2 protein chains.
Amino acid sequence: MKTISDIIEEFILSQLEDGEINLSRNELANFFNCAPSQINYVLTTRFTPMKGYDVESKRGGGGYIKIVKYTTSDKIEHINHLINNYIRDAIDYNNAVMILENLLTNNIIDEKEYKIIVTAISNKSLANPTNIENKIRAKILTNILREICKEE
Amino acid sequence: MKTISDIIEEFILSQLEDGEINLSRNELANFFNCAPSQINYVLTTRFTPMKGYDVESKRGGGGYIKIVKYTTSDKIEHINHLINNYIRDAIDYNNAVMILENLLTNNIIDEKEYKIIVTAISNKSLANPTNIENKIRAKILTNILREICKEE
DNA sequence: TTATTTGACTTTCTTTGACCTTTGTTTGAC
DNA sequence: GTCAAACAAAGGTCAAAGAAAGTCAAATAA
């Protein structure tokens, strides 16, 4: 027996053209006569990054939920492999840099992008994780900008 | 669904020639059939100094609102200004994105770099600052890689 | 047990309107 | 004619209401 979640999933899949769809949570919930949070349930259980989906949203007036499906390719295979086997839920700086070097030699990122990312994850950026998100973010952004300054 | 604020923003952008525009708050509000204060809302949320806009105005008869978009050729000056005046030691996500948009419009970063950095500082990356540097790093890196995946 | 459904409560963004301040223009006493 | 008072014409502020989406835990179903 199909659950309502299965049906909502199918519906979304059928609508997902060009690998992208914009929808309204309330409208959808209304259409399927379910609680709005059921839509979130479907999204978190069926449209996960592991399955190749990315979900973005905005609250408030004019709010929306956007689902992007990225089609698989060698590049994505490669990156998924790195994420699942080497990064997992923790990675130290040196190993992270090795992964980035790998991406660089495979032309998945260029020199400048490499530098940006190395900066983002450097100890300089991540030092002092004082539980205050905005402070960490400021550090990351400041460091990336300083890095960009250095060029030429 | 686009909000009226989005539409007003687009209109202003389309009119903003030579990086400068003069407009009447009441006329605009009338044109878009909205409250005059809605214009202020659009200005304060979308035409911020961080994005490189300056808004001046004058009240009374013959009053006006003037919007100027500043661009720069001195990359280093520009970046230092952003760091010292807007980033400082803490910045929230929305303001950080405005700064990145500023860099994008000034051709200091390109689309892909923009996406990488937005990802690095997104709440998705920074959530759960559990005091464990490597875990945060893993999240940042994972998110950046997923972002890169999305292209083409 | 595990997966699904529901609903109360929270957070974020937008819209509206009442009231405020500043600036320019008329008007009337002198 | 001058000048201050009154009036008109902008724009500014702020808080309340409205519109979405998010979270989380309890209830239910498989």
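Quantities reported herein were computed from a predicted structural model and do not represent experimental measurements. Each chain gets a letter, A, B and so on, in the order the sequences are listed, and its residues count up from 1.
At a threshold of 4.0 angstrom between heavy atoms, the contacts of B:Asn26 are confined to the sugar-phosphate backbone, with no base atom among them. Within the 4.0 angstrom heavy-atom criterion, only backbone atoms of the sugar-phosphate kind lie near B:Ile65; the bases stay farther away. Counting non-hydrogen atoms under 4.0 angstrom, A:Ser24 reaches the backbone sugars and phosphates but no base. At a threshold of 4.0 angstrom between heavy atoms, the contacts of B:Gly60 include nucleobase atoms, whether or not backbone atoms are also involved. Using a 4.0 Å heavy-atom criterion, one finds that A:Gly61 contacts the bases of the nucleic acid, with or without backbone contacts as well. Among the protein residues, A:Ile4 comes within range of the sugar-phosphate backbone only, with heavy atoms under 4.0 Å from sugar or phosphate atoms but none that close to a base.
Hydrophobic clustering keeps A:Val68 apart from A:Leu43 (ILVMFWY residues linked when any side-chain heavy atoms are closer than 4.5 Å, directly or through intermediates).
B:Tyr64 does not carry B:Lys58 over the face of its six-membered ring by the limits of under 6.0 Å from the centre and within 45° of the normal.
Taking only side-chain nitrogens and oxygens, B:Asn94 never comes nearer than 4.0 Å to OP1 or OP2 of C:dT12. Contact annotation: A:Ser57 reaches the phosphate of D:dG22 (side-chain N/O to OP1 or OP2, under 4.0 Å).
Looking at which nucleotide of DNA chain C each of A:Asp6 and A:Pro36 is closest to, the 5′-most match is held by A:Asp6.
A salt bridge does not link A:Lys69 to A:Asp54: none of the charged nitrogens lies less than 4.0 Å from a carboxylate oxygen.
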